[in-house]
Amino acid sequence: AGKAHRLSTEEREQLLPNLRAVGWNEVEGRDAIFKEFHFKDFNRAFGFMTRVALQAEKLDHHPEWFNVYNKVHITLSTHDCGGLSEQDINLASFIEQVAASLS
Amino acid sequence: MVSKLTHLQVELLEALLESGLTKETLIKALSEAEPYGLQSESQRAINALQAEKGEPCPDIPNLPNGMGESRLSEDETSDDGEEFTPPIMKELENLSPEEAAHQKAVVERLLQEDPWRVAKMVKSYLQQHNIPQREVVDTTGLNQSHLSQHLNKGTPMKTQKRAALYTWYVRKQREVAQQFTHAGQGILTDEPMGDDLPTKKGRRNRFKWGPASQQILFQAYERQKNPSKEEREALVEECNRAECIQRGVSPSQAQGLGSNLVTEVRVYNWFANRRKEEAFRHKLAMDTFSGPQPTSAPPLTPHNPSSLQPPPALSPSKVHGVRYNQQPTSEAESSSSNHPGNSSMVTTQTILHQVSPPGLEPSQNLLSTDTKLVSAAGGTLPPVSTLTALHSLEQSPHALSQQTQNLIMASLPGVMAIGAGESPSLAPAFTNTGASTLVIGLASTQPQSVPVINSMGSSLTTLQPVQFSQQLHPSYQQPLMQQVQSHINQSPFMATMAQIQNPHALYGPKSEVTQYTHTGLLPQTMVITDTANLSALTNLTPTKQAFTPDSETHTESGMHTPVSQAPTIHLQNQDTTIQHLQPGPRLTSSPAVSSSSLVLYQSSDSTNSHSQLLPSTHNVIETFISTQMASSTQ
């Protein structure tokens, strides 16, 4: 709840570079971050998604994502604040962690 | 450890675990919330879980590195694209903690049961699969004499030792099941090779003729004593098919018979031995003829060999049955009831071999022939395997004498020609009608009357392993209508029920209720598909149908077949059986339902509860018997 504030500029400058460094990009036309993930095959991809899903449920913050076979496109944004929030950052970090363990 | 999950399942499981779900929580959740019959799946999941997550469980949540990944990659490379297979097909499943626990649970359950009943179950399993006792002794470390006494006579056995026996039994069933399922694919696993766990000498068990095969061979022998190679090969096929059916296995899985697989060489040897036997018996007959006075005319001699080939004891018995048909069947009943244990053996043996001799015109001859043979005091032991086997039989006085006595008793209800006081167990039942001395000789518990044994010859040999339940009796004694009725009254089921209620009373005379229970470990793939043989199971059709729906829900786990209605049905079966069989051993074809009912009983767990034990086995036996009869008519 408290984490649903839209990130201020300072916070973005603080947090987003780390994510940009690993491949997250800001989406044009909306306040969101996006990344594509590739895995070896569907199993890995879906395993990854499962982990992310479980965490998303726990955080009560869900990604927008697309999956085709071994590719997963994830877009993170917070609906409540209409933009990026701390929740997106947290989830992105978790996603990175999981992706690293799977690839 | 290899799990049988798909990669995705593995992934998902790991994901679950990584999300903070503990193994215990997961397992608990699976066992508690088991909707939609997910039991087996959830158990496999648990199994896989345990296989996958044995140690690294605590590491998983903090798993940033490739630890899980390396395992994953292993799985992937080894299991890529592999389908999930049922546990029974996978040798390694046996090593999984779940399977070991399951086996232990089964053993525990058996230990709770009445030891005598379980012993009967184990014994009948040994007979059904023709497993030598030696194998059990080798793997369990039990004393062979003790084991034999426990299985045959119910001699008490300590719990620990019984546990060893039951453990062997459970493992053997699985092994045999695997053996048969892999039969079509070639032996994939090492363990079930040769019907034998790794023996000290690493050799297979000695081949042993099963009763089913012997029946077929005897019939063929009557037709022709010297079959050609083609005929022998045909017999090979027929015998293997019968043996498979006896074990409740599809005939296409004959390779699973292992060391008891019938080959042309064995058939050839069998015929050669029978011919030798016959020649020897002929020789003996000549000797006795020229020796002490026989009670019948010489011209009968020539008939001896041929008529003796099929178990002669039964032929005269059949004759007697005809002759003495008028004799009060109550005698049979009373005698039978006095020896519920014995009669079961008797009837079964009788039945089996009455099937063999199609014609019995020289019945008188047989009788007198046997008499002649009996009266001959001399006689050396013939060097024929069967006779040797007979003598080993004879050594166990209880077993043989009772068998032979029972044999005579059941088949010769009117002919109770036993010398008074020869055997206490027989005394009440038998009256001396002065008939066949054969009977007398057999009644004697002293194993010295060789000629008698000779005349019994192959019959006893073949009889020995054959211990069908008494249900067989009515179906086979065609001319003995009254006998049949009496035996129906005596109702093997009731007799065995009596046994069950007084198991300890049977430590002396024992009942040999064959329980060819098809164990639950047999995979579903082992359903008999040969409906031709199943067509013999007319009797079972109407009644078994009731079971099918129930069984279906259980076939998956292969356990706990509800057979509570079996007793009634069983009796009905008997009646129908008799009606069908009186005119002759012809069985009408039945619809495919019987095959499904067979499935039912093949799936039935061998560790049925008390109330279920007999009924299920009876039905199974009937199945078996009917099949036997059908095959005999082929």
Side-chain angles (χ1 to χ4, degrees), chain A residues 3 15 17-24 35-76 86-103, chain B residues 2-30 33 41-42 44-45 48-49 51-53 55-85:
Chain A
K3 296 181 182 180
L15 301 168
N18 296 335
L19 291 178
R20 278 195 217 106
V22 275
W24 289 88
K35 186 177 176 185
E36 293 183 25
F37 293 87
H38 290 246
F39 297 93
K40 184 179 166 191
D41 59 359
F42 176 73
N43 292 331
R44 301 279 183 114
F46 203 78
F48 162 82
M49 290 172 70
T50 304
R51 285 170 173 76
V52 172
L54 288 165
Q55 182 71 2
E57 269 299 293
K58 203 192 287 187
L59 299 177
D60 193 21
H61 183 69
H62 304 84
E64 302 168 27
W65 44 2
F66 170 81
N67 161 247
V68 58
Y69 194 62
N70 63 340
K71 289 185 276 289
V72 184
H73 302 171
I74 303 184
T75 303
L76 296 176
E86 197 180 339
Q87 290 174 323
D88 300 312
I89 307 298
N90 292 343
L91 189 55
S93 305
F94 179 81
I95 287 171
E96 283 307 314
Q97 189 181 339
V98 173
S101 74
L102 270 172
S103 46
Chain B
V2 178
S3 75
K4 296 315 290 177
L5 297 185
T6 65
H7 295 312
L8 186 56
Q9 285 169 329
V10 168
E11 287 282 347
L12 298 180
L13 270 179
E14 289 185 354
L16 280 174
L17 287 173
E18 272 187 40
S19 74
L21 184 70
T22 63
K23 195 167 64 170
E24 289 73 23
T25 316
L26 179 60
I27 293 172
K28 214 186 293 182
L30 284 170
E41 279 80 4
S42 59
R44 285 183 204 122
L49 195 63
E52 274 284 330
K53 298 293 178 194
E55 295 156 14
C57 208
D59 295 336
I60 295 274
N62 340 319
L63 186 62
N65 56 13
M67 201 160 139
E69 182 197 8
S70 60
R71 243 180 311 109
L72 287 177
S73 54
E74 271 175 32
D75 292 340
E76 199 161 323
T77 50
S78 59
D79 297 340
D80 218 357
E82 188 173 355
E83 295 290 330
F84 175 67
T85 55

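Keep in mind that this is a model prediction, so the values were computed, not measured. Letters A, B, ... are given to chains in the order of the sequence lines, protein chains preceding strands, and every chain is numbered from 1.
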So CZ of A/R44 and CG of B/L8: to nearest 0.5 Å the spacing works out to 12.0 Å
Please enumerate all residues that pass side chain to side chain contact (heavy atoms under 4.5 Å, CB included) together with A/I89, with sequence neighbours excluded. A/L7, A/L15, A/L16, A/L19, A/S93
Could you pull out the closest heavy-atom pair between B/A15 and A/T50, with the gap in Å? CB-CG2, 3.5 Å
Give the interface residues of residues 58-70 of chain A toward chain B, defined by a heavy-atom separation under 4.5 Å. A/K58
Listed by chain and number, what are the side-chain hydrogen bond (donor to acceptor under 3.5 Å, both in side chains) partners of A/T75, not counting sequence neighbours? none
For A/E96, side-chain hydrogen bond (donor to acceptor under 3.5 Å, both in side chains) partners two or more places apart: A/W24, A/K35
